[in-house]
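As structure tokens, the structure follows; a few thoughts come after it.
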Amino acid sequence: MALVLFLIGCGNPCQSLCETMAARAAECELNVSEEELEACATRYEEVTPEMSAACGEANDAERLEEWWTCEELAENYTNGAK
């Protein structure tokens, strides 16, 4: 996972949000695999300026904790909307 996190760290705000969401999932005792994290980063390799701005605004661990309960996050990951 360290390699994936290193690669994401050099990415755009949406790729960073993948990492932040995975960290929130870990707090909720949900497992996010390296493959899922890598797929998320790959999905957001190219984003519009608008998407980048939205991801940047959402990429706050405290906000995510307020917005996403563990139950909602589990449902999100279960439904494949990673």
| query | Stepwise, does the side chain to side chain contact (heavy atoms under 4.5 Å, CB included) test hold for Leu73 with Leu64? | reply | CA-CA 10 Å; Leu73 196 59; Leu64 287 177; over 6 Å; no
| task | Please round to the nearest 0.5 Å and tell me the distance separating atom CD of Glu38 and atom SG of Cys18. | result | 11.0 Å
| side chain to side chain contact (heavy atoms under 4.5 Å, CB included) evaluation trace for Glu27 with Cys70 | CA-CA 8 Å; Glu27 291 173 0; Cys70 289; over 6 Å; no
| query | Looking only at heavy atoms, which two atoms of Glu62 and Asp60 are closest? And how far apart? | reply | N-OD1, 3.0 Å
| query | Which atoms form the tightest heavy-atom contact between Asn59 and Ser16, and what is the distance? | reply | ND2-CB, 3.2 Å
| Point-to-point distance, once rounded to the nearest 0.5 Å, from CG of Leu17 to CZ of Arg24 | 13.0 Å
| request: First locate atom CD of Glu65, then atom OG1 of Thr20, and finally report the distance between them rounded to the nearest 0.5 Å. | output: 13.0 Å
| task | Go through Asn12 and Ser52 one step at a time and tell me if the side-chain hydrogen bond (donor to acceptor under 3.5 Å, both in side chains) criterion holds. | result | CA-CA 7 Å; Asn12 64 52; Ser52 182; 5.8 Å; no
| request: Begin from the C-alpha positions of Trp68 and Met21 and carry the test side chain to side chain contact (heavy atoms under 4.5 Å, CB included) through to its verdict. | output: CA-CA 10 Å; Trp68 290 87; Met21 289 291 289; 3.9 Å; yes
| remark: Nearest heavy-atom approach of Ala25 to Val32 is CB-CG2, 3.6 Å
| query | Got a donor-acceptor contact below 3.5 angstrom from the Arg63 side chain to the Glu57 backbone? | reply | yes
| field | Side chain Glu72, main chain Thr69, donor-acceptor under 3.5 Å | value | yes
